[in-house]
2 protein chains.
Amino acid sequence: MSDALSIGAASKSSGVSAKMIRHYESIGLLPLAERSNGNYRLYGPQDVHNLRFIHRARSLGFPLETIRELLALCRNRQRSSSQVKKLALTHVATLEAKIAEMQEMAAALKHLAQNCHGDERPDCPILEGLASDSAARCH
Amino acid sequence: MSDALSIGAASKSSGVSAKMIRHYESIGLLPLAERSNGNYRLYGPQDVHNLRFIHRARSLGFPLETIRELLALCRNRQRSSSQVKKLALTHVATLEAKIAEMQEMAAALKHLAQNCHGDERPDCPILEGLASDSAARCH
DNA sequence: ATGGTCCTTCCAATCATGGGAAGGTCAAGG
DNA sequence: CCTTGACCTTCCCATGATTGGAAGGACCAT
């Protein structure tokens, strides 16, 4: 047990904040941590591995519930890679849908801004586009 | 006052849900609505205009606090179009930053998925990439 | 023993939206 | 007149991920 880390050390080693480590434990994403004499949480190599896994998955935008499934698959030697791939590709599709949505927003907004003088006069196509009393929808 | 709408009618006419109309009022984004004898909220043409404005601004992804500023500018005849344009372009930059972030996520994930067989075997580069005991960071 | 740093728990805030309960109001029809 | 059903009211709670802080206990070095 000489390599057990405190939550602060595990946080530094994994990139997950101590706050979040406690939170993940509280929602059952991580197993209940071992405790020291002084009731401090203790983390072994496997725990740190899990934390790093979560950190990387979060940085790829996976929601926690999907990470829960990914962790289960990671532990399960009977898994099939198709299960993992399916989760990954579903997430890619989600990301791409959001990207497309935001690109539409940005394009529409740039189009409006393009015609705005941006000077001291009150005249503004952006506000007109938002108010659009003329109900001129783009299509 | 013959053209005053109930919250349900105003909702249909503006595209903003009744729940949200009440919420916007409660946070001061909209003025307190007039009330009927039976304490129902009543909405006139100007109110519906505001609701539509909010709906369009939300559909462009503006956060409520920015919409608050946009509404103030919309009401203010002394505004300068540069104020509006600044809010719009700041939001475009925010959108583009998020888009870029998500594109990186999607690209990294597609790269991992590309090498995954997606069959019944447990072997999986995606999980390996997330676990990455080999600590192979991309750069 | 004392200060500083770590830890513990709990509560609350963010952002925008929605769900639902418990009850009041209104218009139409029996 | 009374019921029915659709609408409205307020209030509380949930989402998703993270962060902030308060109040208190534990640890370690000087």
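Here is the naming used below: chain letters follow the sequence lines, and residue numbers restart at 1 for every chain.
Partners of B/Asp123 by salt bridge (charged side-chain N to carboxylate O under 4.0 Å, His left out), not counting sequence neighbours: none found. Scored by the side chain to side chain donor-acceptor pair (under 3.5 Å) test, A/Ser80 finds A/Ser82, A/Gln83 as partners (sequence neighbours excluded). In this view, A/Phe62 and A/His91 satisfy the ring pair (Phe, Tyr, Trp, His ring centres under 6.0 Å) rule, not counting sequence neighbours.
The CD1-C1' distance, from A/Ile21 to D/dA17, rounds to 15 Å in whole Å. Rounded to an integer number of Å, the gap from B/Phe62 CZ to C/dA16 C1' is 16 Å. Distance, B/Glu25 CD to C/dA16 C1': 17 Å, rounded to whole Å. Atom C1' of nucleotide C/dA16 and atom CD1 of B/Ile27 are separated by 9 Å, given to the nearest angstrom. Between the CD1 atom of B/Ile54 and the P atom of C/dC15 there is a distance of 16 Å, given to the nearest Å. Taking atom CG on B/Leu60 and atom P on C/dA16, their separation rounds to 14 Å, with Å as the unit.
By the 4.5 Å heavy-atom criterion applied to side chains, B/Ile54 and B/Leu30 are counted as neighbours. Side-chain atoms of B/Leu130 and A/Leu60, non-hydrogen and from C-beta on, do get closer than 4.5 Å to each other.
Residue order along DNA chain D, read from the 5' end via each residue's closest nucleotide, puts B/Asn39 first among B/Asn39 and A/Asn37. Nucleotides of DNA chain C nearest to A/Tyr43 and B/Gly38 differ in position, and the one nearer the 5' end is that of A/Tyr43.
For residues 95-106 of chain A, the set of pairs meeting the side-chain hydrogen bond (donor to acceptor under 3.5 Å, both in side chains) definition, not counting sequence neighbours, comprises A/Glu96-B/Lys110. Every pair tested for salt bridge (Lys or Arg N to Asp or Glu O under 4.0 Å) that includes a residue from residues 42-53 of chain B fails, sequence neighbours excluded, so the list is empty. Identified under the salt bridge (Lys or Arg N to Asp or Glu O under 4.0 Å) test for residues 19-31 of chain B, with sequence neighbours left out: B/Glu25-B/Arg41. Residue pairs meeting the salt bridge (Lys or Arg N to Asp or Glu O under 4.0 Å) criterion with at least one partner in residues 61-78 of chain A, sequence neighbours excluded, are A/Glu65-A/Arg68.
In this structure, B/Leu95 belongs to a hydrophobic cluster whose other members, linked by side-chain heavy atoms under 4.5 Å apart, are A/Leu95, A/Ile99, A/Met102, A/Met105, B/Ile99, B/Met102, B/Met105.
Taken over five-pair windows at either terminus, the axes of the helix from C/dA1-D/dT30 to C/dG30-D/dC1 are inclined to one another by 30° (rounded to 10 degrees).
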List, with names and distances, any nitrogen or oxygen atoms from the protein found under 3.5 Å away from nitrogen or oxygen atoms belonging to nucleotides 18-21 of chain D.
residue, atom, partner, partner atom, Å
D/dT18, OP1, A/Arg58, NE, 2.9
D/dT18, OP1, A/Arg58, NH2, 3.3
D/dT18, OP2, A/Tyr24, OH, 2.6
D/dG20, N7, A/Lys19, NZ, 3.3
D/dG20, O6, A/Lys19, NZ, 3.1
D/dG21, O6, A/Lys19, NZ, 2.3

Nucleotides 3-7 of chain D: which of its N/O atoms have a protein N/O under 3.5 Å away?
residue, atom, partner, partner atom, Å
D/dC7, O2, B/Tyr40, OH, 3.3

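Against DNA chain D, the stretch residues 93-100 of chain B makes no heavy-atom approach under 4.0 Å.
Backbone-only contact: B/Arg41 has heavy atoms under 4.0 Å from sugar-phosphate atoms and none from a base.
Following chains of ILVMFWY side-chain contacts shorter than 4.5 Å, one cannot reach B/Leu5 starting from B/Tyr40, and the two form parts of different hydrophobic clusters.
Here the straight-line distance linking atom SG of A/Cys116 with atom CD of A/Gln114 works out to 11.5 Å at 0.5 Å rounding. Between the CG atom of B/Leu42 and the OG atom of B/Ser36 there is a distance of 5.0 Å, given to the nearest 0.5 Å.
Formation of a donor-acceptor pair under 3.5 Å by the B/Ser14 side chain with backbone atoms of B/Val48 is not found in this model.
Residue B/Arg35 places its side chain closer to D/dT10 than to any other of D/dT10, C/dT8, C/dC26.
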